[in-house]
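Everything below concerns the one structure shown next.
Quick note: residue numbers are just sequence positions, from 1. Treat the numbers as computed from the prediction; the structure is a model and nothing was measured.
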Amino acid sequence: MDRYLVFGHPVRHSKSPFIHTLFARQTQQELKYGLAEPAVDEFAQALRTFFDQGGKGCNVTVPFKEQAFTLVDRLSPRAKRAGAVNTIKLTDDGVLLGDNTDGAGLVADLKSHGVTLADSRILLLGAGGAARGALAPLLAELPSELVIANRTHTKAQQLAAEFHDLGPVTAQIYEQLAGSFDLVINSTSASLQGALPPLAPALIHTDIAIYDMMYGASDTAFISWAKQHGARQTMDGLGMLVEQAAEAFTVWRGIRPGTKQVLRELKRNLGVI
């Protein structure tokens, strides 16, 4: 039976085995999906051992995505752009192919919620790895403008410059954000600590769409804050988790699983519904 893993540290909380087991059942694919939590300095060896022992593919999460980028034999175009790898496939010719499905998962989830990206003005909070992975897929949807805001302005500027060839992307500091945005995406990890990006409440209006890449059994701090200031459409990153997993499953198995029922089952598992 084909073997797959998710590498992370920590990773015991991961819902990837639950998600991919449901995908395999749905598509009648025979595979086994497990967890691997090597020490931070032992990831490279653990990855080599897994594939030497017959592994077919893996997911990679925090803190190994950037390291995985350097360890594969070949990179997909979207992994090159993201500068990080979250999906690895052993090809039929023995090559380790690194891919990044995070941005595709985000866009798919936004569309499933009916969010219009074309000609929209998007505010992306944060300039770390999560933002980097999202930029190319978001710009491919042809927004009118994508603004990156980050506590360190130079980091946002560098990221905007790197992706400027793909579309109208700029960098601003939080205090100087102006105009009306159609969509705000929080790519920072602030919600994990119950914290908030320093965003002015005046930017929130009733027709804005709010997306937090973090998720939990209840609203994240950012979503709660946005609702308090009048946002009517709010989404967390649980759907993105399922959609990026479906994209990875497609890379590995060549068949696209459905995500709606799996997302419902995941919500039940988390006690969300």
Side-chain angles (χ1 to χ4, degrees), residues 13 15 19 101-135 137-139 141 143-151 156 172 174 177-247 259-273:
H13 65 285
K15 295 301 178 182
I19 293 168
T101 66
D102 285 332
L106 169 65
V107 168
D109 192 37
L110 285 166
K111 289 182 175 181
S112 76
H113 285 282
V115 176
T116 299
L117 298 173
D119 296 320
S120 64
R121 191 163 186 252
I122 301 172
L123 174 59
L124 181 61
L125 307 178
R132 177 180 289 275
L135 276 167
L138 285 172
L139 289 168
E141 297 298 317
S144 62
E145 183 182 15
L146 194 156
V147 177
I148 305 170
N150 189 59
R151 290 182 187 273
Q172 292 183 19
Y174 284 103
L177 289 170
S180 180
F181 291 96
D182 301 297
L183 169 65
V184 178
I185 301 171
N186 182 20
S187 77
T188 76
S189 59
S191 288
L192 293 177
Q193 292 81 41
L196 293 168
L199 199 63
L203 289 172
I204 305 300
H205 54 86
T206 55
D207 294 328
I208 201 168
I210 298 293
Y211 195 99
D212 194 339
M213 289 189 186
M214 301 298 109
Y215 63 88
S218 58
D219 285 346
T220 67
F222 184 64
I223 285 178
S224 294
W225 175 85
K227 284 181 174 180
Q228 289 168 10
H229 291 94
R232 291 188 297 197
Q233 185 177 21
T234 60
M235 302 148 280
D236 69 13
L238 197 60
M240 176 181 172
L241 175 69
V242 175
E243 294 290 352
Q244 65 82 22
E247 186 77 9
T259 55
K260 290 183 179 179
Q261 181 60 36
V262 172
L263 180 57
R264 283 195 293 269
E265 292 296 329
L266 180 58
K267 286 181 176 179
R268 289 193 188 98
N269 180 263
L270 289 169
V272 177
I273 58 174

Exercise. Sequence neighbours excluded, which residues qualify as side-chain hydrogen bond (donor to acceptor under 3.5 Å, both in side chains) partners of R121?
Worked result: E145

Donor-acceptor contacts under 3.5 Å from residues 221-231 side chains, at least two apart:
residue : atom : partner : partner atom : Å
S224    : OG   : T220    : O            : 3.2
K227    : NZ   : D219    : OD2          : 2.8
H229    : ND1  : W225    : O            : 2.9

For this session: Tell me, with the steps shown, if D182 and T116 meet side-chain contact (heavy atoms from CB on, under 4.5 Å).
Result: CA-CA 9 Å; D182 301 297; T116 299; over 6 Å; no

For this session: Kindly compute the distance separating CG (L270) from CD (E265), expressed to the nearest 0.5 Å.
Result: 11.5 Å

Exercise. Which heavy atom in R151 sits nearest to a heavy atom in P198, and how many Å separate them?
Worked result: NH2-CD, 3.6 Å

For this session: Please name the pair of heavy atoms, one in A131 and one in G126, separated by the smallest distance, quoted to 0.1 Å.
Result: CB-O, 3.3 Å

Exercise. Can you list every side-chain hydrogen bond (donor to acceptor under 3.5 Å, both in side chains) pair that touches residues 234-247, not counting sequence neighbours?
Worked result: R78-E247, N86-Q244, T101-Q244, E243-T259, E247-R256

Exercise. side-chain contact (heavy atoms from CB on, under 4.5 Å) with N186: which of L196, I210, L199, L125?
Worked result: L125

For this session: Could you grab the distance from atom CG of D212 to atom CE of M240, nearest 0.5 Å is fine?
Result: 11.0 Å

For this session: Rounded to the nearest 0.5 Å, what's the gap from CG on L146 to CG on L139? Could you check?
Result: 5.5 Å

Exercise. Any idea which heavy atoms bring A149 and L123 closest together, and the distance?
Worked result: CB-CD1, 4.0 Å

Seminar exercise, completed: The reported gap from CG in D109 to CE in M213 (rounded to nearest 0.5 angstrom) is 10.5 Å

For this session: Could you tell me whether a side-chain N or O of H205 sits under 3.5 Å from a main-chain N or O of D207, the two making a donor and an acceptor?
Result: yes

Exercise. Does any non-hydrogen side-chain atom of T188 lie less than 4.5 Å from one of N150?
Worked result: no

For this session: May I ask you to test the I185-L138 pair for a side-chain heavy-atom distance under 4.5 Å?
Result: yes

For this session: Check whether any side-chain heavy atom of V115 lies under 4.5 Å from a side-chain heavy atom of M235, and answer yes or no.
Result: yes

Exercise. Is L266 close to L238 at the side-chain level, that is, under 4.5 Å between some pair of heavy atoms?
Worked result: yes

Seminar exercise, completed: Value for CG (L135) from OG (S187), rounded to nearest 0.5 Å, stands at 8.5 Å

Exercise. Do the non-hydrogen side-chain atoms of L117 and I122 ever get within less than 4.5 Å of each other?
Worked result: yes

Problem set entry | Student check: side-chain heavy atoms of N269 and K15 closer than 4.5 Å | yes

For this session: Find the distance between CD1 (I19) and CG (L263) and round it off to the nearest 0.5 Å.
Result: 8.5 Å

